[in-house]
Amino acid sequence: MDELNFTGRTVCVVGGSSGIGNGIAQAFRGRGATVHVTGTCDAADYDAEQGSDLSGLHYARLDLLDPGAIEEFAPAFDRLDMLVLSQGTVLYGRQEFAREGWDRVMAVNLDSVMACAMRFRPMLAASRGSLITIGSIVALNTSRGNPAYAASKAAVHHLTATLGEAWAGEGIRVNGIAPGLVSTKLTAVTMDHPRRSEAAIASIPLGRAGQPADIAGVALFLASPLAAFVVGQTIVADGGMTLS
């Protein structure tokens, strides 16, 4: 038996149009799943240079800043086995210290995570499925210039544990992943700056930044029967960055 064969399963990755979410979506597709992804733009606006590959995926646009849009979202599937909540945003230049920036980041990184979880809860309960949140190692330490990002990811860490406990009785396994430095468009401010990237990578025992595929492997495990007894946990995937 291949526990990582998802043939016949339906997966939805919110925020699966690019970056880590896209890597997870394509990993599930490669393992036989039918995969639906959402993004905030039209499908034609995404390209490979932004870390986006929509080939073989079913795409839908979803405005995560609009709670009503999430509640009224009509998915193109009637069964859901795995839900991955990979949405996230960050604002640089101390924008998160202002109310507008704080509210925007919290709305996407925290409020929409809970809203999406609630929206798809009945479908996951019906299939006794799996929910995976994508957090950050920032939940475990700090981010000096990004208070909203850090606070929202810390909240997602605890939300994952809380929902894991609350929904286990319905057969829904809720778990999370806390990535470290992963090369995506959100981390381009570091990765595209030689001195910053060199300093960041020097703090990673494995000696390299992560790739979306590194996080996808953890998601496949958490969604599989191999993790059937894992509930409410967040797995750190950071190349050892938080060990010291």
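Positions are given from 1 along the sequence. Note that the coordinates shown come from a computational prediction; the quantities given were computed from them, not determined experimentally. The analysis underlying the following values was restricted to heavy atoms, covering all of them including side chains, and did not include hydrogens, waters or symmetry mates.
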_Between Ser112 and Gln87, does the side-chain hydrogen bond (donor to acceptor under 3.5 Å, both in side chains) criterion hold? Intermediate values first, please._
CA-CA 8 Å; Ser112 80; Gln87 62 263 53; 2.9 Å; yes
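- In this structure the side chain of Ile20 never reaches within 4.5 angstrom of the side chain of Leu186, judged on heavy atoms.
- For Ala117 against Leu85, the heavy-atom pair with the smallest separation is N-CD1, 4.1 Å.
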*CA sep, side-chain torsions, deciding dist, call: Asn175, Thr234, side-chain contact (heavy atoms from CB on, under 4.5 Å)*: CA-CA 6 Å; Asn175 291 291; Thr234 295; over 6 Å; no
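- Within the 4.5 Å cutoff, no side-chain heavy atoms of Val138 are placed close to those of Thr142.
- When every heavy atom of Ser183 is checked against every heavy atom of Gln211, the shortest pair comes out as CB-NE2, 3.9 Å.
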_Derivation of the side-chain contact (heavy atoms from CB on, under 4.5 Å) call for Asn109 and Thr89_ = CA-CA 7 Å; Asn109 292 7; Thr89 191; 3.8 Å; yes
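- Looking only at side-chain heavy atoms (C-beta outward), Ile132 and Leu83 stay at 4.5 Å or farther from each other.
- Between the side chain of Asp238 and the main chain of Pro179, no donor-acceptor pair closer than 3.5 Å is present.
- One distance of note links NE2 of His157 with OG1 of Thr162; it measures 10.0 Å at 0.5 Å rounding.
- When atom types are taken as modelled, the side chain of Lys153 and the backbone of Leu140 share no donor-acceptor pair closer than 3.5 angstrom.
- No path of Ile, Leu, Val, Met, Phe, Trp and Tyr side chains, each step under 4.5 Å between heavy atoms, connects Met118 with Ile134, placing them in separate hydrophobic clusters.
- Residue Arg29 qualifies as enclosed at atom CZ: its count of foreign heavy atoms under 6.0 Å is above 12.
- Between Glu170 and Arg121 there is a salt bridge, since at least one side-chain N of the basic residue sits less than 4.0 Å from a carboxylate O of the acidic one.
- Considering only residues two or more places apart in sequence or on other chains, Thr184 meets the side chain to side chain donor-acceptor pair (under 3.5 Å) condition with none of them.
- Minimum heavy-atom separation, Pro75 to Arg119: CD-NH2, 3.3 Å.
- With a 4.5 Å cut-off on side-chain heavy atoms, Trp102 and Tyr149 do not count as touching.
- Evaluation of the ring pair (Phe, Tyr, Trp, His ring centres under 6.0 Å) rule for Phe77 yields His36 as partners, not counting sequence neighbours.
- You'll find the side chain of Val231 stays beyond 4.5 Å of the side chain of Glu165, heavy atoms only.
- The list of ring pair (Phe, Tyr, Trp, His ring centres under 6.0 Å) pairs with a residue in residues 5-28, not counting sequence neighbours, reads Phe6-Phe28.
- At most 12 non-hydrogen atoms from other residues, nucleotides or ligands lie less than 6.0 angstrom from CZ of Arg104.
- Heavy-atom minimum distance, Ala33 versus Val11: CB-CG2, 3.8 Å.
- Taking CD of Glu100 as the reference point, atom CG of Leu91 lies at 9.0 Å (rounded to 0.5 Å).
- Within the structure, salt bridge (Lys or Arg N to Asp or Glu O under 4.0 Å) contacts touching residues 74-89 (residues at least two apart or in different chains) are Arg79-Asp81.
- A donor atom on one side chain and an acceptor atom on the other are not found under 3.5 Å apart for Ser17 and Ser52.
- At least one side-chain heavy atom of Val189 sits under 4.5 Å from a side-chain heavy atom of Arg196.
- Rounding to the nearest 0.5 Å gives a distance of 10.5 Å between CG of Leu222 and CG of Leu226.
- Remark: Tyr59 pairs with Tyr46 by the ring pair (Phe, Tyr, Trp, His ring centres under 6.0 Å) rule, at least two apart or across chains.
- A side-chain donor-acceptor contact under 3.5 Å links Glu96 and Asn146.
- Listed for the Asn5 side chain is a donor-acceptor partner under 3.5 Å among the backbone atoms of Thr7.
- Smallest separation of non-hydrogen atoms from Pro212 and Val182: N-CG1, 3.7 Å.
- Between Ser127 and Met82, every side-chain heavy-atom pair lies at or beyond the 4.5 Å cut-off.
- Put simply, the side chain of Glu72 never gets that close to the backbone of Ala69: no donor and acceptor are under 3.5 Å apart.
- Pairs engaging residues 204-225 under the salt bridge (Lys or Arg N to Asp or Glu O under 4.0 Å) rule: Arg208-Asp214 [sequence neighbours left out].
- The two residues Leu62 and Thr40 make their nearest non-hydrogen contact at O-CG2, 3.8 Å.
- The distance from atom CD1 of Ile137 to atom CG of Leu181, rounded to the nearest 0.5 Å, is 8.0 Å.
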*May I have the step-by-step check of side-chain contact (heavy atoms from CB on, under 4.5 Å) for Thr38 and Val13, ending in yes or no?*
CA-CA 7 Å; Thr38 76; Val13 183; over 6 Å; no
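- A single hydrophobic cluster is not seen to contain both Val236 and Ile24; linkage of ILVMFWY side chains at heavy-atom distances under 4.5 Å, directly or through other members, places them apart.
- A heavy-atom distance below 4.5 Å is found between the side chains of Leu124 and Leu131.
- Rounded to the nearest 0.5 Å, atoms CZ (Phe73) and CG (Asp63) are 12.0 Å apart.
- Each of Leu80, Val37, Thr34 was checked for a side chain to side chain contact (heavy atoms under 4.5 Å, CB included) with Cys12, and the lone residue meeting it is Leu80.
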*Step by step, would you call Leu159 with Thr133 a side-chain contact (heavy atoms from CB on, under 4.5 Å)?*
CA-CA 9 Å; Leu159 178 62; Thr133 63; over 6 Å; no
